[in-house]
Amino acid sequence: MNFEKYKFELGARIMKARLKKGLTQDQLAKAIGRSQPAITQIESGKSLPGTGTLFKLGKALDTPVNRFFPETVPNRVLGSTIFGLLWVRIRHWWYRRKRNKSAEEES
């Protein structure tokens with residue numbers, strides 16, 4: 001996926017959640033402690049929100065943070081639980097571990 005397209009889709013999903021909640025950009029900005037231009041930048045896909053901002057957005061919009069992102073295997077299979085997120089981390093760690101071991105054995 002193109003990174004610019006990804007930023008735009010993230011912003012569009014945040015804007016959709018904001019409109020569904022019936023908030024203006026200014027009201028959302030005040031709710032999360034950011035400025036209205038920062039919300040505009042995020043919704044237009046010109047900037048990516050940090051992790052803290054994402055969690056604040058989710059709380060202010062009564063939307064789980066994973067709804068801002070495209071569907072992934074853990075989201076479809078395990079849902080948005082901590083177990084789904086943990087499963088991705090464990091698989092990544094296991095893959096890296098096996099890859100590093102095979103590189104050491106070749107040396």
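Because the structure is a prediction, the values reported are computed rather than measured. Note that the numbering runs from 1 along the sequence shown for the chain. Every heavy atom of this structure was used, including side-chain atoms; hydrogens, water molecules and symmetry mates were not.
Note: Gln25 CD to Leu19 CG = 8.5 Å, rounded to the nearest 0.5 Å. One finds the OG1 atom of Thr24 at 8.0 Å from the NZ atom of Lys30 (value rounded to the nearest 0.5 Å). Between the CD atom of Glu43 and the CZ atom of Phe8 there is a distance of 11.0 Å, given to the nearest 0.5 Å. Rounding to the nearest 0.5 Å places CZ of Phe68 at 5.0 Å from CG of Leu61.
Residues Gln27 and Leu23 come closest through the heavy atom pair OE1-CA, 3.3 Å. Minimum heavy-atom separation, Ala29 to Gln36: CB-N, 3.6 Å.
Each of Lys16, Met15, Lys21, Lys20 was checked for a side chain to side chain contact (heavy atoms under 4.5 Å, CB included) with Arg18, and the lone residue meeting it is Met15.
Under the 4.5 Å side-chain criterion, counting only non-hydrogen atoms from C-beta, Ile39 is in contact with Ile32.
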Return all side-chain donor-acceptor pairs below 3.5 angstrom for residues 53-60, not counting sequence neighbours, or 'none' if the list is empty.
unit_1: Thr53; atom_1: OG1; unit_2: Arg34; atom_2: NH1; d: 3.1

